[in-house]
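Report on one structure; see the data block that follows.
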Amino acid sequence: MKNKIESLGMSTGKIIYSCDDCQDIHCLKVAKTMEIFKSSGVLLFRGFGVTHEQMKTFAERFSSKFIQDYSRPQVDSDKFVHFVNPGMDACVFHSEHAYSPFRPDVIWFCCAVPAVQGGETTFCDGVRVWEELSEETRQLFISKKLKVCYEIPVDILKRVAGLDATIADIKQVLDGLEGVNYQVKENESISIEYIFSAVVKTKYGNYDAFANSVLALHDGEMKKATFENDSIVPGEIIDEIEQVTDELMEKIPWQAGDLVMIDNSRFMHSREEFNDNQRQIFSTLSNLNS
Ligand SMILES: [Fe+2]
């Protein structure tokens with residue numbers, strides 16, 4: 001690869017720049033790009049002028065499957081490319097769909113228009129977060145798993161799971177998933193209880209990573225994250241996680257045409273607030289081939 005490669009802030013992440021011989025994102029070789037991605041976990045491709053259509057076709061070369069996000073406005077005919085969260089507020093750190101048994105391997109972002117000021121996507125390395133948390137907190141999350149309960153229409157579950165299947169097929173898939181209890185309702189929906197660890201093994205390297213949705217669950221409508229025994233994650237633990245993630249936070253200072261690829265098994269991401277309505281960032285979720 002002749003492209004210039006630089007570190008992304010103080011993180012393991014890398015910036016890969018376009019060059020005279022490689023101005024189109026599709027010039028990049030999949031094998032070499034994956035080699036860098038596996039060790040760095042975050043790649044920012046800069047200077048390639050990537051559109052959301054190109055993000056999808058580039059991601060296809062690395063991916064076995066796309067995962068739909070039904071909660072966000074979709075912009076392509078396949079409904080796999082979305083606008084990111086509406087609004088201009090900051091978000092809290094989370095791994096994408098970490099509350100779901102169909103958590104994607106990678107989240108891709110591309111920027112059509114950056115915010116005039118602020119609005120950076122931020123990220124932190126879950127391996128480093130796990131190292132920095134206190135021993136008491138580590139023991140708490142080792143001894144207790146998290147629990148989420150939600151109801152999802154069957155049609156949407158099919159799309160989230162990438163299944164083109166009957167109810168019987170869906171039941172078979174759910175039966176095979178660790179930590180999932182479910183009930184098929186009469187109104188064509190399925191109630192799901194999912195019990196999962198806040199500490200996950202990274203897809204590459206098999207490291208322990210604190211990469212989950214604890215802060216988002218705490219910050220969400222329910223205003224609480226719960227353990228499997230229905231006890232609430234204490235506020236002082238939430239405070240400690242926020243402090244550690246803030247200290248490890250890195251920023252992606254968006255430029256138009258940037259593409260970003262984040263290892264969702266290792267990193268959490270969020271965004272900074274902004275105050276103009278220009279910002280246009282798209283995302284897509286996928287599982288990787290290798
Ligand atoms: Fe997200």
Side-chain angles (χ1 to χ4, degrees), residues 8 11 13 37 41-44 52 55-56 59 63 65-76 79-115 118-126 129 146 148 150 152 156 159-161 194 196 198 200 202-203 209-222 225 238 241-242 245-246 248-254 258-274 279-288:
L8 181 51
S11 74
F37 177 72
V42 179
L43 294 180
L44 164 58
H52 72 74
M55 171 174 72
K56 174 89 186 304
S63 304
K65 183 164 87 174
F66 285 96
I67 293 163
Q68 199 176 85
D69 188 333
Y70 62 89
S71 64
R72 299 194 171 99
Q74 292 118 7
V75 294
D76 67 329
K79 299 182 176 176
F80 287 124
V81 179
H82 334 93
F83 285 110
V84 295
N85 277 3
M88 302 179 200
D89 296 336
C91 297
V92 296
F93 274 115
H94 60 281
S95 294
E96 201 68 11
H97 291 192
Y99 54 82
S100 161
F102 303 105
R103 172 179 178 154
D105 291 338
V106 60
I107 180 163
W108 307 78
F109 292 105
C110 74
C111 174
V113 183
E120 297 93 342
T121 292
T122 57
F123 62 93
C124 68
D125 186 343
V129 176
L146 299 167
V148 291
Y150 52 92
I152 184 167
I156 289 177
R159 285 185 269 149
V160 170
Y194 181 42
F196 58 103
V200 295
T202 59
K203 185 173 172 71
F210 192 82
N212 54 57
S213 51
V214 171
L215 295 179
L217 290 169
H218 178 79
D219 194 53
E221 285 173 17
M222 302 289 284
I238 297 290
I241 298 165
E242 284 180 338
T245 51
D246 280 353
L248 294 170
M249 180 175 74
E250 298 282 349
K251 291 185 181 182
I252 296 168
W254 287 116
D258 280 349
L259 172 70
V260 164
M261 178 182 186
I262 298 179
D263 180 345
N264 196 48
S265 75
R266 174 173 166 182
F267 285 81
M268 296 191 282
H269 62 273
S270 64
R271 79 163 178 224
E272 297 283 86
E273 68 175 328
F274 55 102
R279 185 183 191 264
Q280 234 180 34
I281 309 278
F282 302 98
S283 66
T284 193
L285 312 171
S286 72
N287 285 345
L288 296 172

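Counting starts at 1 for both ligands and their atoms, following the listed order. Counting from 1, the numbers follow the sequence of the chain as shown. The shown structure was predicted, so the numbers you read here are calculated from the model rather than taken from an experiment.
Taking F93 as the reference, nothing meets the ring-ring contact (aromatic ring centres under 6.0 Å, His included) condition, with sequence neighbours excluded. With sequence neighbours excluded, the residues that form a side chain to side chain contact (heavy atoms under 4.5 Å, CB included) with E120 are K251, E272. With sequence neighbours excluded, the residues satisfying ring-ring contact (aromatic ring centres under 6.0 Å, His included) with F80 are F66.
The aromatic ring centres of Y99 and H94 sit 6.0 Å or more apart.
Between H52 and F282, the ring-plane angle classifies as tilted under the 30° and 60° cut-offs.
A salt bridge links D125 to R266: one of the charged nitrogens lies within less than 4.0 Å of a carboxylate oxygen.
Looking only at protein N/O/S atoms, the ones less than 2.8 Å from the Fe ion (ligand 1) make 3 in total.
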